2 protein chains.
Amino acid sequence: MQSRTPASRATGRPRSATADAAILAATREALVELGWSKLTLGDVATRAGVAKTTLYRRWAGKNELVVDAVAELFDELEIPNRGSLAADIEGVVLQFAAILARPEARSGLMAVIAESTRDDALRERIRTSIVERQKRLVLEGRNRAQARGELPPESDPTTVDLIFDVVAGAVVHRTLVSAEPADEQWVRAFTRLLLVGLGQAAD
Amino acid sequence: MQSRTPASRATGRPRSATADAAILAATREALVELGWSKLTLGDVATRAGVAKTTLYRRWAGKNELVVDAVAELFDELEIPNRGSLAADIEGVVLQFAAILARPEARSGLMAVIAESTRDDALRERIRTSIVERQKRLVLEGRNRAQARGELPPESDPTTVDLIFDVVAGAVVHRTLVSAEPADEQWVRAFTRLLLVGLGQAAD
DNA sequence: AGCTTTCGCTACGACCCGTAGCGTAACTGC
DNA sequence: GCAGTTACGCTACGGGTCGTAGCGAAAGCT
């Protein structure tokens, strides 16, 4: 969440923890109903049953608030252990697609990414609280595949970044730009492409 | 551009073509300096030397204006003929990355995509004026590769869509989310992954 | 108690939105 | 030329959001 003072003062009235949760939930609700551009902080405050000033005391603005509200959605991702690399990839991609199918993720995520192109601090916030946190999935899946002998032991550490960009980018582009569902059929074709490449893709 | 009346009236004062160009250029300029959220239509009108009302007579709002302003950037894409599929892919991906490196494309494109998640008409505008228009690159590259014998004759028409989502998505995610340059080294690794897949990627 | 911080509330100037109204400019057809 | 039609520049307006300031009350600690 937002960066609290490292030596958090033990004196004075403590911040309401329930207010934090209420605000983030209200933000997601507003994203569903209004979308990014029509979402106003005053409206979020009203939904959360909180004064507008309280909101400004905790978040610098709309961008930071939405990043935190969206980041919580991705924590539920888990890589399944289905016994093969292909099945594991298909499983996690389907989960990722399911999250991106939710309207609060769609409208919020892309908007903050757009804003982050002009705000380095915001981009760092996105990277640490969303992207880097989920790279664990790629690492875990690769380790399992190597243990099974499906993948050679990897030496290049940048391969993880490459795979993450390809997987996340493809799913995002499919669901948000092409506006087609990343259903099982698509995920199977994508996984096949990822594993064996274009040359052998046709049988 | 915006949908003009099919039977364009031959009477009355014609719309200034130079104003169109000036407005779109001013929009890109404002995107660079201000970014999406701080861009106002009044400011764009002033930059273009045009009355604000003129702007509203041609575009319904900020979204539509930015889509048109950004779409022009992608028309310069050309698929090179370098003699091999791998080299062709590398060439066009590098061009695509170069466009996405420009700030007016970065902040504008993602923002309108975010807005399009709640506006079907806007998404259609994006698809027709940007996405579908550039799928020609995938088709042309595949045809050349098949003529060279590098790819088997394809029967499944959805493969083109899949490839486009993977390529465009990966480059976008690399440059905008991971915020790392899609330089020659990355493009080579990506192309290799795309062609031979994960299994044979390590040598 | 006394201290400290947060909370809810109200009010405020500043800015942007999108539209209406008007007079003028540009172009066409009679 | 002259009427008809459309686009243009300009001004002005109500309505909404922004982000902040100021206040008294509430909630925790020593």
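Keep in mind that what you see is a predicted model, and the values were worked out from it rather than measured.
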Participant: I'd like a list of close polar pairs between nucleotides 23-27 of chain D and the protein, N/O only, cut-off under 3.5 Å.
Facilitator:
{"from": "D/dA26", "atom 1": "N3", "to": "A/R13", "atom 2": "NH1", "distance (Å)": "3.2"}
{"from": "D/dA27", "atom 1": "O4'", "to": "A/R13", "atom 2": "NE", "distance (Å)": "3.4"}

Participant: Which atom names give the shortest non-hydrogen contact between B/W36 and A/E115, and what distance separates them?
Facilitator: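 B/W36 and A/E115 have their closest heavy atoms at CD1-OE2, 3.5 Å.
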
Participant: What integer distance in Å separates A/I23:CD1 from C/dT6:C1'?
Facilitator: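 Taking atom C1' of C/dT6 as the reference, CD1 of A/I23 is at 12 Å.
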
Participant: Counting only side-chain N and O atoms of B/T11, is one of them less than 4.0 Å from OP1 or OP2 of D/dT6?
Facilitator: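 For D/dT6, neither OP1 nor OP2 has a side-chain N or O of B/T11 closer than 4.0 Å.
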
Participant: Can you name the atoms? Protein N/O to nucleotides 17-19 of chain C N/O, anything below 3.5 Å, with the distance.
Facilitator:
{"from": "C/dC17", "atom 1": "OP1", "to": "B/L41", "atom 2": "N", "distance (Å)": "3.4"}
{"from": "C/dG18", "atom 1": "OP2", "to": "B/Y56", "atom 2": "OH", "distance (Å)": "2.7"}
{"from": "C/dG18", "atom 1": "N7", "to": "B/K52", "atom 2": "NZ", "distance (Å)": "3.2"}
{"from": "C/dG18", "atom 1": "O6", "to": "B/K52", "atom 2": "NZ", "distance (Å)": "3.1"}

Participant: Does any non-hydrogen side-chain atom of A/R118 lie less than 4.5 Å from one of B/K38?
Facilitator: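 In short, these two side chains do not touch, never coming nearer than 4.5 Å.
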
Participant: Classify the side-chain pair B/Q146/B/R144 by whether it contains a donor and acceptor separated by less than 3.5 Å.
Facilitator: no

Participant: List the atom of A/I130, the atom of A/A71, and the distance in Å for their closest heavy-atom pair.
Facilitator: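 Heavy-atom minimum between the residues: CG1-CB, 3.7 Å.
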
Participant: Rounded to whole angstrom units, what separation is found between the NZ atom of A/K38 and the P atom of D/dG15?
Facilitator: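 Nearest whole value for this atom pair: 19 Å.
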
Participant: Is the backbone of B/R174 close enough, under 3.5 Å, to the side chain of B/E180 for a donor and an acceptor to pair up by distance?
Facilitator: no

Participant: Between B/L55 (CG) and D/dC10 (P), how many Å, whole number?
Facilitator: 14 Å

Participant: What is the minimum heavy-atom distance between B/R127 and A/S178, and which atoms define it?
Facilitator: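 Minimum heavy-atom contact is CD-O, 4.1 Å.
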
Participant: Work out which heavy atom in A/L94 is nearest to a heavy atom in A/E184; give both atom names and the distance.
Facilitator: CD1-CG, 4.0 Å

Participant: Could you check B/E72, B/E33, B/E104 and say which one makes a side chain to side chain donor-acceptor pair (under 3.5 Å) with B/R28?
Facilitator: B/E72

